[in-house]
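Notes to accompany the following structure.
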Amino acid sequence: MKPKARIVVLDGFTLNPGDLSWGALAELGELTVHDRTPASEIVARALHHDLVLTNKTPLTRATLEQLPELKGVCVLATGFNIVDVACAKERQIPVCNVPSYATESVAQVTLALLLELASRVGMHAAAVQQGDWVRSLDFSFQRAPLLELSGKLCGIVGFGTIGRRFAELAHALGMRVWATPSRSAAPPPYAHFEFKPLEELLSAADVVSLHCPLTRETEQLINGDRLALMKPTALLLNTSRGPLIDEGALALALQHGALCGAGLDVLSTEPPSTANPLLSAPNCVITPHIAWASFEARQRLMQATGENVRAFLAGAPRNAVNL
């Protein structure tokens, strides 16, 4: 009888904090699930396993070289920059991700960040709870300027699946849409946008939303020089990857009024240190990397991960990013 595959999940808590089941994966082999794995224990926990599943626990070259029995890696996410895919390819280890599971959820949170910056619903609801309306002399008050989005220009950097979906939502609000093309695939037909070069898009847009992967070319894509191109009335959104933005430059732009506001679901280091300048920057709304994490999206991620594992064990890896 063929021995069962040895499968380990290094950081399963964010995918499944208790409201999903690992049962389908457990049926495929000898499964061990760790909520989290500190850096000092990655090798020990991954050792003697055929298949390692990771979300944000890094598998560097140094780590992979200490795992002689490793046969495959499944990333519990779309982004796979936490794995040294070049090293894995050298060793003929497939690295499989899960594309498109969170398109609707990420687009929805991007819209929520935009609406918060435009209408300040959360800010004003908190003010009411703090008693400001009870003490008000008027029937209405504003703690920040409110912005009507209809007719404004939304610039989308990275027009892949999520960028395209957010474009549809922005267009539904009456916004005009410009986009930079996605490098990963030809954009699907969509009548309500124009392709523009990045610098022209940044200079003209009232809202800029980042939807591109993190690569050597896109790291700190939004730096001081590019922030200087943007209107002082513009808003910047990022639900993709934190390192796309030079955080120090963005904090300075917000502090000096060179940019109206920013809505971020991702930062360069997660969780951030107290020294991150964006935590105290004005007009900066930050959420803790939750855009991917709706119950429905996590269900799809769990199901797709099971399909990835099953395909790998059948000798036909699916969603492999390094083959």
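Numbers here are sequence positions counted from 1.
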side-chain contact (heavy atoms from CB on, under 4.5 Å) between E116 and V121, intermediate numbers included: CA-CA 6 Å; E116 176 56 31; V121 171; 4.1 Å; yes
Side-chain heavy atoms nearer than 4.5 Å, only ILVMFWY residues, links allowed to pass through others: does that put I286 and L115 together? no
In terms of side-chain heavy atoms, does T103 have a donor or acceptor partner in S100 at a distance below 3.5 Å? no
Residues K56 and E270 bridged, charged N to O under 4.0 Å: no
Under a 3.5 Å threshold, yes or no: a donor from one side chain and an acceptor from the other, between S150 and E148? no
Would the distance check show the side chain of W133 and the main-chain N or O of F139 forming a donor-acceptor pair, the cut-off being under 3.5 Å? yes
Within the structure provided, determine whether T110 and N238 are in side-chain contact (heavy-atom separation under 4.5 Å). no
In Å and rounded to the nearest 0.5 Å, what is the OG to CG distance from S209 to L236? 8.0 Å
How close do L235 and M230 get, heavy atom to heavy atom, and via which atoms? O-CE, 4.2 Å
Kindly indicate whether the side chain of T180, heavy atoms from C-beta on, has any atom under 4.5 Å from the side chain of K196. no
Which heavy-atom pair separates L67 from T63 by the least distance, and what is that distance? CG-O, 3.4 Å
Atom CG of N283 and atom CD of Q255: how far apart are they, to the nearest 0.5 Å? 11.0 Å
Looking at E296 and R300, does any basic side-chain N land under 4.0 Å from a carboxylate oxygen? no
Side chains of N55 and R36: donor-acceptor distance under 3.5 Å anywhere? no
Looking at G18, is its backbone amide N or carbonyl O close enough to the side chain of N16 to form a donor-acceptor pair, meaning the two atoms are under 3.5 Å apart? yes
Quick check: does any side chain N or O of T215 sit under 3.5 Å from a backbone N or O of E217, one acting as donor and the other as acceptor? yes
Audit row: L53, V8, side-chain contact (heavy atoms from CB on, under 4.5 Å) steps and yes/no: CA-CA 6 Å; L53 279 58; V8 62; over 6 Å; no
Which of E41, H49, H48 passes side chain to side chain donor-acceptor pair (under 3.5 Å) with R45? It is E41
Determine whether the side chains of N97 and N319 contain a donor N or O and an acceptor N or O closer than 3.5 Å. no
Salt bridge (charged side-chain N to carboxylate O under 4.0 Å, His left out), that's the test. Do E27 and K4 meet it? Break it down for me. CA-CA 10 Å; E27 293 176 359; K4 286 187 175 182; over 6 Å; no
CG of N322 to CZ of R91, rounded to nearest 0.5 Å, is 12.0 Å
Quick check: are there more than 12 heavy atoms from other residues, nucleotides or ligands sitting under 6.0 Å from NZ of K71? yes
Interatomic spacing from CG in L111 to CZ in R165 - rounded to 0.5 Å: 9.5 Å
Answer whether the closest heavy-atom distance between the side chains of I42 and T60 falls below 4.5 Å. no
Nearest heavy-atom contact between E65 and C87 is CG-SG, 4.3 Å
Student check: side-chain heavy atoms of C212 and L244 closer than 4.5 Å: yes
Within the structure provided, determine whether V52 and L70 are in side-chain contact (heavy-atom separation under 4.5 Å). yes
Do the side chains of I82 and I93 join up, straight or via other hydrophobic residues, at under 4.5 Å, putting them in one cluster? yes
Using only atom types and a distance under 3.5 Å, with no angle test, would you say the side chain of T239 pairs donor to acceptor with the backbone of D265? no
Taking the cut-offs as 6.0 angstrom to the six-membered ring centre and 45 degrees off its axis, would you call R318 and F312 a cation-pi pair? no
Verify the cluster assignment for F80 and Y101: are they in a single hydrophobic cluster under the rule of side-chain heavy atoms below 4.5 Å apart? no
Single-linkage hydrophobic cluster L113~I156, side-chain heavy atoms < 4.5 angstrom: yes
Verify side-chain contact (heavy atoms from CB on, under 4.5 Å) between E30 and I7, making sure each step is shown before the conclusion. CA-CA 6 Å; E30 296 179 0; I7 306 167; over 6 Å; no
D246/R226 ion pair, N-O < 4.0 Å: no
Exactly one candidate in I222, T218, L237 meets side chain to side chain contact (heavy atoms under 4.5 Å, CB included) with L210; the answer is I222
Parallel, tilted or perpendicular, as decided by the 30° and 60° cut-offs, for the rings of F159 and F195: perpendicular
Just do the salt bridge (charged side-chain N to carboxylate O under 4.0 Å, His left out) check on R310 and E307 with the steps written out, would you? CA-CA 5 Å; R310 188 176 294 106; E307 293 169 358; 5.8 Å; no
Heavy-atom pair of closest approach, residues D132 and R135: OD1-NH2, 2.8 Å
For the backbone of A144 and the side chain of R120, can you confirm whether one donor and one acceptor N or O come within less than 3.5 Å of each other? no
Over all heavy atoms of both residues, which pair between A170 and V177 is shortest? Give the atoms and the distance, please. CB-CG2, 4.4 Å
Supply the atom-to-atom distance N276 CG to L279 CG, rounded to the nearest 0.5 angstrom. 4.5 Å
What closest approach, in Å, do L64 and A88 show between heavy atoms, and which atom pair accounts for it? CD1-N, 4.1 Å
Check whether any side-chain heavy atom of K231 sits under 4.5 Å from a side-chain heavy atom of D206, and report yes or no. yes
Between V285 and L252, is there a shared hydrophobic cluster once you connect ILVMFWY residues whose side-chain heavy atoms come closer than 4.5 Å? no
Taking the six-membered ring for Trp, is the centroid-to-centroid distance between F166 and H211 below 6.0 Å? yes
Please report the C-alpha distance between E69 and R6 in whole Å, then the side-chain angles of each, then the deciding distance to 0.1 Å, and finally whether the salt bridge (charged side-chain N to carboxylate O under 4.0 Å, His left out) criterion is met. CA-CA 10 Å; E69 298 171 71; R6 298 158 298 175; 3.1 Å; yes
Working to the nearest 0.5 angstrom, can you tell me the gap between S294 OG and Q108 CD? 7.5 Å
When you check the side-chain N and O atoms of T37 and T57, is any donor under 3.5 Å from an acceptor? no
Closer than 3.5 angstrom, by distance alone: can the side chain of D11 be matched with the main-chain N or O of T14 as a donor-acceptor pair? no
Given side-chain contact (heavy atoms from CB on, under 4.5 Å), test L51 with C74 step by step and report yes or no. CA-CA 7 Å; L51 192 58; C74 286; 4.2 Å; yes
Check for a donor-acceptor pair, side chain of T78 on one end and backbone N or O of V98 on the other, with a separation under 3.5 Å. yes
Are side-chain heavy atoms of L114 and M175 found at a separation under 4.5 Å? yes
Hey, are the side chains of R143 and H124 touching, using non-hydrogen atoms and a 4.5 Å cut-off? yes
Donor-acceptor pair, R298 side chain versus A293 backbone, under 3.5 Å? yes
